[in-house]
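This structure is a prediction, so every number in the text was calculated from the model and none was measured. Residue numbering restarts at 1 for every chain, and letters A, B, ... go by the order of the sequence lines.
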Amino acid sequence: MNRVRINELLQRPEAGGEVTIHGWVRTCRHSKGFSFLEINDGSIIHNIQCVVDADVPNYDRDVKALQTGASVRVTGRLVDSPGKGQRFEIQAKDVHVYGNAEGYPLQKKGHTMEFLRSIAHLRARSNTFGAVLRVRNVMARAIHDFFQSRGFVYLHTPIITASDCEGAGEMFRVTTLDAGDPPRAEGEIDFAQDFFGKPTSLTVSGQLSAETAALALSDVYTFGPTFRAENSNTTRHLAEFWMVEPECAFFDLDDDVALAEAFLKHIFSTVLSECPDDMDFFNKRIDKTAIETLRHIVESPFERMSYSDAIEILSKSGKSFEFPIEWGLDLQSEHERYLTEEHVKRPLVLTDYPRDIKAFYMRQNDDGKTVAAMDVLVPKIGEIIGGSQREERLDRLQERMKEMGLPEEDYWWYLDTRKFGTAPHAGFGLGFERTIQFCTGMANIRDVIPFPRTPGSAEF
RNA sequence: UCCCCGAUAGCUCAAUGGUAGAGCGAGCGGCUGUUAACCGCUAGGUUCAAGGUUCGAGUCCUUGUCGGGGAGCCA
């Protein structure tokens, strides 16, 4: 089809020439003798205004009947607009209606995010969600660009896992057994008869697989869907979300922190430079500090602090917190928020947490109390990155697993990587949707993914 | 899972325990440059569900469902 995108039209240096656009009517205003149609094709947040005079052949039958949401093809001359509010407009000479939209639920007036969520199949046609999807796309590309330009290998880790050992998080069971009448052996469900011959679940992390690849290819990253069956009902949790997990061999915690900082800054500066119109929209309508915040972060170094120092700052803060502050206890949301929003007012990297509140695979520090862990905290969202240097010493890893009651036989392949040419290595995980939230200022994580999956909700 | 708040027209909301309304949207008409256009008219309701109190319930009570905010859970 003869088709030009609206973003290309709007970026032309000057008017002139005949053009054909395709898109959806965002709003139309009819006067006696002519109509204004504003058409959007999703290529850019802005609409193009089309002026349709009544001498267009199907004017009375089609054009006057157009409703918001209708799909059209418009051909006409691209001219300078005499009106205010737009540079160019199309003086239409042919309008074809693909489909009208009687009863279309979206209006040109603003809608609540809750309502848009209830029509998630149509909300990409709203300004806000269109902008979210375009920014999401640019961020995904920025992530690949960042790693690819540094020689990282994009690794596809399995979605289905038989490792019951990926973590303490609740997992979604994957099975082909008859849920109503599963085969049993001695009273227990007989997973030997299941598709994989053993219990399987959706992955909660690709990290353990990524470690095996990093210990071969040196630098790898994963970027894929991740699943958590936690009954979490918050603005920051999804049951199905996307996670980025780089893993690097011959890397220590300092390298890991530096990588995380460079990585976030690359994503943010890419969004600023490649999504100016969408970011303007977010800045005007969603979060008046969105652009300023991103600029500030790109330009200033991240604050870095040990867990122990954070505890000291919190206990001397004079703030009254609901949860106690004591060395050895995990930080609560209120503590993280105070540190990043009030104390340093920018992203904060916390390192060297007590080993008893962290995972078995994190490298034990020489003090015998802490591990080489790091969390990147950002204002409003909280934890956006969690990572660590991994324990590469076989004996220390086995010792820690024993203390935590993890059976070695379940991890035989993971332990093999420490037996055969082990190497210091580190990595982290980035919550993709939380990062989109941070860039756009969108308050609810359900509004930065096309079709959110949350407890009790898997619509669309 | 816990605490708090909410559910009324397609959407956003109003209505002292006493006749359910407005704006937008929709339909019809008007208007020769509009910009969330403007002007006039019309249609549009099981007030989330079930039960209860009351002469009378959108309003008060109970339970449930759904949604929102906060917290927890969460590699």
Using atom [atom1] of [X] as one end and atom [atom2] of [N] as the other, report the distance to the nearest whole Å.
X	N	atom1	atom2	value
A/Phe115	B/rC13	CZ	C1'	15 Å
A/Arg117	B/rC66	CZ	C1'	13 Å
A/Glu336	B/rG72	CD	P	9 Å
A/Arg26	B/rU34	CZ	P	23 Å
A/Arg87	B/rG33	CZ	C1'	19 Å
A/Glu322	B/rG72	CD	P	8 Å
A/Asp447	B/rG69	CG	C1'	14 Å
A/Asn231	B/rC74	CG	C1'	11 Å

Touch class at under 4.0 angstrom, heavy-atom based, for [X] against every strand present:
X	answer
A/Gln332	sugar-phosphate
A/Arg228	sugar-phosphate
A/Lys84	base
A/Phe36	base
A/Thr112	sugar-phosphate
A/Gln67	sugar-phosphate
A/Arg446	sugar-phosphate
A/Gly456	nothing

Just wondering, are more than 12 heavy atoms of other shown residues or ligands nearer than 6.0 Å to [atom1] in [X]?
X	atom1	value
A/Lys419	NZ	yes
A/Glu14	CD	no
A/Arg393	CZ	yes

- Is the A/Phe115 ring parallel, tilted or perpendicular to the A/His111 ring (thresholds 30°, 60°)? tilted
- Message: Any salt bridge linking A/Arg29 with A/Glu38? Criterion: basic side-chain nitrogen under 4.0 Å from a carboxylate oxygen.
- Response: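 Salt bridge between A/Arg29 and A/Glu38, a charged N being under 4.0 Å from a carboxylate O: yes.
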- Query: With a 4.0 Å cut-off, would you call A/Arg5 and A/Asp41 a salt bridge?
  - Reply: no
Centroid separation under 6.0 Å, is that true for the rings of [Y] and [X]?
X	Y	value
A/Phe321	A/His335	yes
A/Tyr411	A/Tyr361	no
A/Phe152	A/Phe146	no

- If a pair satisfies ring-ring contact (aromatic ring centres under 6.0 Å, His included) and one of its residues is in residues 364-386 of chain A, list it, with sequence neighbours excluded.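 Counting only pairs at least two positions apart or across chains, no ring-ring contact (aromatic ring centres under 6.0 Å, His included) contact touches residues 364-386 of chain A.
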Distance check, [atom1] atoms only: [N] and [M], in whole angstrom units.
N	M	atom1	answer
B/rG44	B/rA26	C1'	9 Å
B/rG6	B/rC48	C1'	11 Å
B/rC41	B/rG51	C1'	44 Å

With the threshold set at under 4.0 Å for non-hydrogen atoms, list the residues of [range] touching RNA chain B in residue-number order.
range	result
residues 232-253 of chain A	A/Ser232, A/Asn233, A/Thr234, A/Thr235, A/Arg236, A/His237
residues 94-106 of chain A	none
residues 364-388 of chain A	none

- Note on the structure: Checking A/Thr340, A/Asp287, A/Thr293 against A/Lys380 for side-chain hydrogen bond (donor to acceptor under 3.5 Å, both in side chains), the one that qualifies is A/Asp287
Ignoring the backbone of [X], work out which of [options] is nearest its side chain.
X	options	value
A/Gln91	B/rC74, B/rG33, B/rU34	B/rG33
A/Phe323	B/rG33, B/rG72, B/rG68	B/rG72
A/Glu89	B/rU34, B/rG67, B/rC31	B/rU34
A/Glu230	B/rG69, B/rC73, B/rG33	B/rC73

- Note on the structure: Note, RNA chain B 5' to 3' with Watson-Crick or G-U pairs under 3.5 Å encoded as ( ), [ ], | and . gives (((((((..((((....[..)))).(((((.......))))).....(((((..]....))))))))))))....
- Query: How far does CE of A/Met171 sit from OG1 of A/Thr161, to the nearest 0.5 angstrom?
  - Reply: 5.5 Å
- Item | Gap between atom CD of A/Glu89 and atom CG of A/Asp80 - 0.5 Å precision | 9.0 Å
Could you go over nucleotides 21-24 of chain B and give all protein N or O partners under 3.5 Å, atom names and distances?
residue	atom	partner	partner atom	Å
B/rC24	O4'	A/Lys109	NZ	3.3

- Check: B/rU34 base within 3.5 Å donor-acceptor of A/Gln86 side chain: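 Pair found.
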- For the ring-ring contact (aromatic ring centres under 6.0 Å, His included) test, which of A/Phe223, A/Tyr221, A/Phe147 pairs with A/Tyr154?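 The ring-ring contact (aromatic ring centres under 6.0 Å, His included) with A/Tyr154 is passed solely by A/Tyr221 among A/Phe223, A/Tyr221, A/Phe147.
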- Item | Comparing A/Ser333 and A/Ser457 on RNA chain B - which has the more 5′ nearest nucleotide |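 Residue closer to the 5' terminus by nearest nucleotide: A/Ser457.
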- Compare every heavy atom of A/Ala249 with every heavy atom of A/Ala214, then report the nearest pair and how far apart it is.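 Looks like O-CB, 3.4 Å.
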- When you check the side-chain N and O atoms of A/Glu433 and A/Gln437, is any donor under 3.5 Å from an acceptor?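 No, because no side-chain N or O of A/Glu433 sits under 3.5 Å from a partner of the opposite role on A/Gln437.
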- Query: Given A/Ile385, which of A/Asp375, A/Leu264, A/Leu377 fulfils the side chain to side chain contact (heavy atoms under 4.5 Å, CB included) condition?
  - Reply: A/Leu264
